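Read the structure below first, then the notes.
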Amino acid sequence: MNRSLTGWFRHLSIGQKLLISFGLILGLLALSLTALLFYLARINSYVDRHKRITVPAIVTAANMRREAYDIKLALHSSTERISSEPSELRSRVERHTSELSRTLTLYKGTHAARTHPVLYGMLTDHDRLDLAEQEDRAIEDIGEALRTLATQLDQLKTADADRLTTRVTQGLDQLMDAHTQIDIEMKHEGDRLVGRARLIALSLALLLGVVIAVTYALAATRIARPLRALAATADRVAHHDLSAQFPSWPTRDEVGTLAGSLTTMLESLREHSTSLFRKTKELEAFTYSIAHDLKGPLREIEGFSSLLEKQFSETGDHEVRHHIGVIRQSALRLTHMIDALLKYSRLEQQALPKQWFNVREMITSLLNDRMSSTQQPAPAIHVELTFDDLYGEPVSIRQAVANLLDNAVKFSRNRPKPDIRIDGMRNNGECIVRITDNGIGFELAQTDKIFGLFERLHGPHEYEGTGVGLAIVRLVMDKHGGRVTVESAPERGSTFSLVFPQGAS
């Protein structure tokens, strides 16, 4: 039975589980309120009975005792006052006896314990029926003494009348004592009801706390904890760790459905990743093969055109030399484009292992290599870095900076005073390296175009290049989790900024 109940509960949805839990909580709250109201009603009932029965009974018994004392006083007065008329004495005694009998009848019908089922039941529960019997005996003794006193008043002597009156008084004392004890029992019953109410309220509060704790544990173990585990695994998958495994979930609720869907998605991703990796390798092999096959004929074209250029340089045929030069330059340009494409392809497939390195030394070394190999007048280059260390892959970053530096030199060489500035700063958790020139610039609307592969803003007869350099720069920054930004205007130069995340993550 327990297994079937547990299995049924496990297959409920999260909403149904929470609905059951909150239903139990509301049910316990309603039960607590009902129980408290029930016991409060019983307590109020006993308070009301105490006001309507016990207190009036004691007061009535006290009044009857006062009447009995009046009878005894009348009898004693008759013995002391010789001149008192017997008829006057009889009238007084009859009046008090009649009032006492009437009050006793009223007491028996309205105040006696046996006339109240709840009160009599309480005495039965408390095992104090002796109080009811004591009350009955006292009422019977008082009634018998009053009847004797009323019917035989003419024949009774003063001593006998005094004895009967004493009997009535003693009966009334017993009656008052019985009801005093009943009043004590009623107070005990009230205290017991208050104790039960407190115990039930405490028990229901503890039970309510247990239900709330179980609900919290259910939400933590069945919702929050598995969702955290799924989120952690999803984060690993988002960071390209396809070896991660989503934990299996035994229930069929929303978490179990989500875990199953994520597992299916991960399997599909693995299949697509394997297929993509295989196709990428095939494409890479094909690219290298095509590049090798193309570079062979291009080298031959360039070589033969170079020989023809030397041969026809002596003939003086200007048109022939021009055509041969165009062929040779086109072959060289195509060779450079193939080399650049291969470099881009290798960089795209590479995983870049990052480390801390001295970016200032890297830029100094780059400037020495570039400026020593150029045949043109060197521009003025200023390096102003506010930091030395940078976290990244040094070779690819050097390539990106070299491409930006080559562009700055190329597009500012026709200026009267070419000026290039390399600076850097740390700002809002980022490291920024900027290359600024005073070259020809361009419209910012063409920003997206210049970072495209083989995209150029100028023809090869104006400025040399393959159209791959800035694409490599963007690829390098993407692989570092950073970005490249540009500020430029026609004839006002350009500023390219390499923005790196600061520190190892």
Side-chain angles (χ1 to χ4, degrees), residues 333 336 340 343-344 359-388 390 392 394-427 430-478 480 482-500:
R333 181 169 173 270
H336 293 157
K343 185 183 296 183
Y344 183 89
V359 66
R360 187 186 297 273
E361 292 181 358
M362 184 269 289
I363 292 177
T364 301
S365 173
L366 176 63
L367 291 176
N368 292 334
D369 292 344
R370 282 292 195 273
M371 295 303 102
S372 62
S373 61
T374 182
Q375 302 296 326
Q376 301 174 357
I381 300 178
H382 312 278
V383 179
E384 298 177 1
L385 292 174
T386 60
F387 59 91
D388 292 333
L390 183 65
V395 176
S396 61
I397 294 176
R398 178 188 172 97
Q399 180 64 55
V401 175
N403 290 352
L404 293 177
L405 180 61
D406 290 344
N407 280 354
V409 172
K410 177 170 58 177
F411 292 112
S412 63
R413 66 189 177 198
N414 293 328
R415 292 299 184 184
K417 292 181 179 181
D419 186 81
I420 298 173
R421 184 177 301 275
I422 302 175
D423 60 4
M425 68 185 73
R426 298 186 190 275
N427 184 30
E430 295 177 327
C431 294
I432 304 173
V433 177
R434 297 188 303 186
I435 295 91
T436 304
D437 63 68
N438 62 344
I440 61 174
F442 59 90
E443 295 285 351
L444 284 180
Q446 297 176 315
T447 300
D448 291 336
K449 182 178 180 181
I450 64 173
F451 288 104
L453 197 60
F454 299 124
E455 293 286 353
R456 292 170 53 85
L457 300 182
H458 308 89
H461 60 282
E462 296 178 291
Y463 293 97
E464 70 279 3
T466 60
V468 181
L470 290 180
I472 289 178
V473 172
R474 170 170 280 184
L475 179 60
V476 169
M477 296 311 299
D478 287 345
H480 281 81
R483 63 188 186 277
V484 55
T485 63
V486 62
E487 298 176 7
S488 183
E491 303 302 326
R492 294 188 179 181
S494 303
T495 298
F496 286 84
S497 299
L498 305 179
V499 183
F500 296 88

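Throughout, residue positions are numbered sequentially from 1 according to the sequence presented. Keep in mind that this is a model prediction, so the values were computed, not measured.
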With the side chain counted from C-beta on, respond yes when [X] and [Y] share a heavy-atom pair under 4.5 Å apart, and no when they do not.
| X | Y | answer |
| --- | --- | --- |
| I422 | I363 | yes |
| V473 | L404 | yes |
| N407 | F496 | no |
| D437 | I435 | no |
| V433 | F387 | yes |
| R398 | S365 | yes |
| S494 | F411 | no |
| I420 | T436 | no |

D419 versus H382, side-chain donor and acceptor atoms under 3.5 Å: yes
Is there a donor-acceptor pair under 3.5 Å between the side chain of [X] and the backbone N or O of [Y]?
| X | Y | answer |
| --- | --- | --- |
| T447 | L444 | yes |
| T386 | G424 | yes |
| D406 | G469 | no |
| S488 | G493 | yes |
| R434 | T495 | no |

Which atoms form the tightest heavy-atom contact between [X] and [Y], and what is the distance?
| X | Y | value |
| --- | --- | --- |
| V484 | R474 | CG1-CA, 4.1 Å |
| N403 | Q399 | OD1-NE2, 2.8 Å |
| I432 | S497 | CG2-CB, 4.1 Å |

From [atom1] ([X]) to [atom2] ([Y]), nearest 0.5 Å:
| X | Y | atom1 | atom2 | value |
| --- | --- | --- | --- | --- |
| L390 | R360 | CG | CZ | 12.5 Å |
| M425 | L385 | CE | CG | 10.0 Å |
| I440 | N414 | CD1 | CG | 8.5 Å |
| C431 | L498 | SG | CG | 11.5 Å |
| F442 | R492 | CZ | CZ | 14.5 Å |

Could you please spell out the steps behind the side chain to side chain contact (heavy atoms under 4.5 Å, CB included) verdict for I397 and H480? CA-CA 9 Å; I397 294 176; H480 281 81; 3.6 Å; yes
CD of E430: more than 12 outside heavy atoms within 6.0 angstrom? yes
Please determine whether a side-chain nitrogen of the Lys or Arg among E491 and R415 lies less than 4.0 Å from a carboxylate oxygen of the Asp or Glu. yes
Step by step, would you call V383 with D423 a side chain to side chain contact (heavy atoms under 4.5 Å, CB included)? CA-CA 6 Å; V383 179; D423 60 4; over 6 Å; no
